[in-house]
A.B. asks: 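Dropping the structure in here first, questions after.
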Amino acid sequence: MSFNSTPIEEIPVIRDALVKGFASGKTKNVQYRKDQLIHLSYLLHENRSRFVESLAIDLKRPALETDFLEIDGTIAEVREAYTNVEKWSKPESPAFSLNWFSMNPKIRKEPKGVVLIIGPFNVPLWCLLGPLAGAIAAGNTVAIKPSEMTPMTADVIAELFPKYLDPEVVRVVKGGIPQTSKLLEYPWGHICYTGSQRVAKIIGVAAAQTLTPVTFELGGKSPVIVDTSADLKLAARRILWGKCANAGQLCVAPDYVLVLREVEEQFIRELQQVYTAFFGSDPAKSDSISRIVSPQHTLRIKNLVESTKGNILIGGQIDVNERYVAPTIVTDVPGDDSLMTDEIFGPVLPIISVDSLNQAIGFINSRDHPLVLYIFSEDKKVKEKVFSSTNSGGAVANDVVILPAAAGLPFGGIGASGFGYTTGKWGFNTFTHFRGTLDVPSWLDKVVLGSRFPPYTDKKLADLKKNLNDTLPLRPGTRPVTALKRRWGWWILLALLSAIGALRKKRFVAANICRAAGRKSIGRGGLSQSCDE
Ligand code: NAD
């Protein structure tokens, strides 16, 4: 099988087919969407071995990582869309409003139309087919553009899609910059782009020309804080796994560690132990580590490692032709190091020691908002402090990487790590236009709305205003002192006092009746209470 890009002249034909597919109205039918989603899940399930093979060639990725981390995660996304599409696509009513309810206000969930999904090389199935599930569930027709950097996987996707999915609903465009540039000439209902910050700026400029809304799923440097209260064995195991899965080429990989000086030595000892347990004495011979996507990216990482001012504690072996980077741990890394400029996107872990939690937080806050922030700590207050005094796309305590797979949670970046969401209901919403509708009865003109018509008069204005609730909330620091409110307060107090007075009076009368009869009153029932015998 060889990678052939889609000829540029075919792109308008592909787009026309998708426009026709959308105009046919078939994707408005929710059952039709569900059928496509079922086919998509079987496409993944029945071709696991094809994808395991293609990613073994593209990235020398271990089967476990493709099968469990990527395919199962993507199938879960498709299944969630399949299970919930009826509920998600039902029209909703806004909160009741006396002024508006008679106009039958509704929020209709309309597809945005023909949408474009552009994927990266590193997790091609998850990044293309996850958003695709949301786009199909929302009723769109979709062009997807896999990365040219994982050509075998792009080939398998292009071969399988027409066999499983309606070609008027989903089409694949293979290729690189020329194909993407051609695609970007058109207006789309939405563009979902997953990739680097550099290319996102190009996509954003092109999308602005056609007024196409975009979602950017980007990366960046996701930090990990290791606190003094952390379970250091657990932290070392999870962090090293997250750093080395897919050879560090995950948007959610822990990029660097900020460790509290008090526990640094012990944490590094734990890392050394877990390193040998994971990869043996020669990681180049391990079947559990992927390769870097290209010699160019390997060279990029090599340059970063060679220019570090830190101390290479373990690893550091890099073979550009073999696209191999040994899992590498670098200690004593200064904040302005070569390893601290851009997202590393390779199995190299810089460790920076800090004197305090505040210093770690300050370090993170002085940089771009990360995609995910990780904190290892057994102390509730420390975790809360880190969550509440930083900002990031997402945040996880005591684990790494797994956040995008968590059902029901939004996943997306903030600032330089992207914007918008692509998972679960949040993905459905991304590809949905929330269309507000009203159905206004004619009789409203007789009751109230007639006053809006010319000729305008003061009386009409007063009539219109009468129906508006135009009271503003109180200014901060002011107390509710309006005459009306004060009066209501007094009335309530008076009513309470009167009720208490009445009750006491009843008891008093009842007790006197008993006394007159020469008996003692018992019970608490006021007049209905009884006297003893
Ligand atoms: P990339 O930006 O190089 O490529 C992504 C896509 O853009 C590819 O399909 C490519 O063909 C296209 N492209 C590249 N150059 C282009 C240009 N000049 N004009 C138009 N299109 C162009 O990204 P990558 O290296 O494949 O992916 C790695 C990046 O993606 C990392 O930064 C990673 O963090 C990020 N990522 C983010 C998420 C997330 O969910 N937030 C997921 C996976 C990867």
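Because the structure is predicted, anything quoted here is derived from the model rather than measured. For ligands, and for the atoms within them, numbers begin at 1 and follow the listed sequence.
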A.B. asks: For atom 18 (N) of ligand 1, find the nearest protein heavy atom and state the residue, atom name and distance (0.1 Å precision).
C.D. replies: Ile202 CD1, 3.5 Å
A.B. asks: Would Lys145 count as being in polar contact with ligand 1, using the rule that some N or O on each side must be under 3.5 angstrom apart?
C.D. replies: yes
A.B. asks: Could you report the tightest heavy-atom contact between Ile289 and Pro327, atom names first, then the distance?
C.D. replies: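 Heavy atoms only, the tightest pair is CD1-CG, 3.8 Å.
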A.B. asks: Any idea which atoms of ligand 1 are less than 4.0 Å away from a heavy-atom of Leu371?
C.D. replies: 41 (N)
A.B. asks: Within 45° of the six-membered ring axis of Tyr82 and under 6.0 Å from that ring's centre, is NZ or CZ of Lys34 located there?
C.D. replies: yes
A.B. asks: Could you establish whether Tyr193 and ligand 1 come within less than 4.0 Å of each other, counting only heavy atoms on the residue side?
C.D. replies: yes
A.B. asks: Given that the side chain starts at C-beta and the backbone is N, CA, C, O, which of these parts of Glu343 lies under 4.0 Å from ligand 1, counting heavy atoms, or is it both or neither?
C.D. replies: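 It is the side chain that touches ligand 1; the backbone stays farther off.
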A.B. asks: Do the ring planes of His297 and Phe121 sit parallel (below 30°), tilted (30 to 60°) or perpendicular (above 60°)?
C.D. replies: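 The arrangement is tilted - the two ring planes meet at 30° to 60°.
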A.B. asks: What about Glu148: any of its N or O atoms under 3.5 Å from an N or O on ligand 1?
C.D. replies: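 Min N/O separation from ligand 1 is below 3.5 Å for Glu148.
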A.B. asks: Nearest protein heavy atom to atom 8 (C) of ligand 1, by residue and atom, and its distance?
C.D. replies: Gly119 O, 3.2 Å
A.B. asks: So does Trp241 have more than 12 non-hydrogen atoms from other groups sitting under 6.0 Å from CH2?
C.D. replies: yes
A.B. asks: For atom 26 (O) of ligand 1, find the nearest protein heavy atom and state the residue, atom name and distance (0.1 Å precision).
C.D. replies: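 Of every protein heavy atom, Phe121 N, 3.0 Å lies nearest to atom 26 (O) of ligand 1.
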A.B. asks: Between Cys127, Pro131, Cys251, Ala206, flag the one that comes closest to atom 36 (N) of ligand 1 by a heavy atom.
C.D. replies: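 Selected option, by shortest heavy-atom distance: Cys251.
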A.B. asks: Would you say the side-chain atoms of Thr141 pair up with the backbone N or O of Leu18, donor to acceptor, closer than 3.5 Å?
C.D. replies: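 Yes.
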A.B. asks: Please give me the minimum heavy-atom distance between Glu65 and Ala245, naming the atom from each residue.
C.D. replies: OE2-CA, 3.5 Å
A.B. asks: Return the residue, atom name and 0.1 Å-rounded distance of the protein heavy atom closest to atom 41 (N) of ligand 1.
C.D. replies: Leu218 O, 2.6 Å
A.B. asks: Taking atom CZ of Phe51 as the centre, does the number of heavy atoms from other residues, nucleotides or ligands within less than 6.0 Å exceed 12?
C.D. replies: yes
A.B. asks: Report, in ascending order of atom number, the atoms of ligand 1 lying under 4.0 Å from any heavy atom of Asn122.
C.D. replies: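 Here the atoms of ligand 1 in question are 43 (C), 44 (C).
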A.B. asks: Is there a donor-acceptor contact under 3.5 Å from the side chain of Ser286 to the main chain of Ser288?
C.D. replies: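 Checked: pair present.
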A.B. asks: For atom 17 (C) of ligand 1, grab the closest protein heavy atom and report residue, atom and distance to one decimal in Å.
C.D. replies: Ile177 CG1, 3.7 Å
A.B. asks: Identify which one of Ile352, Val259, Ile268, Ile314 satisfies the side-chain contact (heavy atoms from CB on, under 4.5 Å) criterion when paired with Thr331.
C.D. replies: Ile268
A.B. asks: Heavy-atom contacts with Phe411 under 4.0 Å: which atoms of ligand 1 show up? List them by number with element.
C.D. replies: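 That gives atoms 40 (O) of ligand 1.
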A.B. asks: Would you call Gly413 a ligand 1 contact, heavy-atom distance under 4.0 Å?
C.D. replies: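 No, Gly413 has no heavy atom closer than 4.0 Å to ligand 1.
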A.B. asks: Can you see which heavy atom on Asp255 is nearest to which on Leu349, and at what distance?
C.D. replies: O-CD1, 4.2 Å
A.B. asks: Tell me whether ligand 1 is touched by Ser147 - counting only heavy atoms on the residue side and a distance under 4.0 Å.
C.D. replies: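 Contact check Ser147 vs ligand 1: positive.
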A.B. asks: Should Asp72 and Arg48 count as an ion pair when the cut-off is N to O under 4.0 Å?
C.D. replies: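 Result for this pair is yes, salt bridge flagged.
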A.B. asks: Quick check: Ile118 and ligand 1, any N/O pair under 3.5 Å apart?
C.D. replies: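 No, there is no polar N/O contact under 3.5 Å.
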A.B. asks: Would you say Ser196 has any N or O atom under 3.5 Å from an N or O of ligand 1, going by distance alone?
C.D. replies: yes
A.B. asks: Could you find the nearest protein heavy atom to atom 27 (O) of ligand 1 and give me its residue, atom name and distance?
C.D. replies: Pro120 CB, 3.3 Å
A.B. asks: Could you list which atoms of ligand 1 come closer than 4.0 Å to a heavy atom of Gly219?
C.D. replies: 34 (O)
A.B. asks: Are the side chain of Glu77 and the backbone N or O of Thr423 linked by a donor-acceptor pair below 3.5 Å?
C.D. replies: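 Checked: no pair found.
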A.B. asks: What's the shortest distance from atom 21 (N) of ligand 1 to any protein heavy atom, and which residue and atom give it?
C.D. replies: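 For atom 21 (N) of ligand 1, the nearest protein heavy atom is Thr180 CG2, 3.3 Å.
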A.B. asks: Ignoring angles and geometry beyond distance, decide whether Gly195 reaches within less than 3.5 Å of ligand 1 through its nitrogen or oxygen atoms.
C.D. replies: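 N/O-N/O distance under 3.5 Å: yes.
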A.B. asks: So, Thr212 and His190: side-chain donor and acceptor under 3.5 Å apart, yes or no?
C.D. replies: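 Per modelled atom types, Thr212 and His190 side chains form no pair under 3.5 Å.
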A.B. asks: Name the closest protein heavy atom to atom 16 (C) of ligand 1, giving the residue it belongs to and the distance to 0.1 Å.
C.D. replies: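 Heavy-atom neighbour on the protein nearest atom 16 (C) of ligand 1: Val199 CG1, 3.5 Å.
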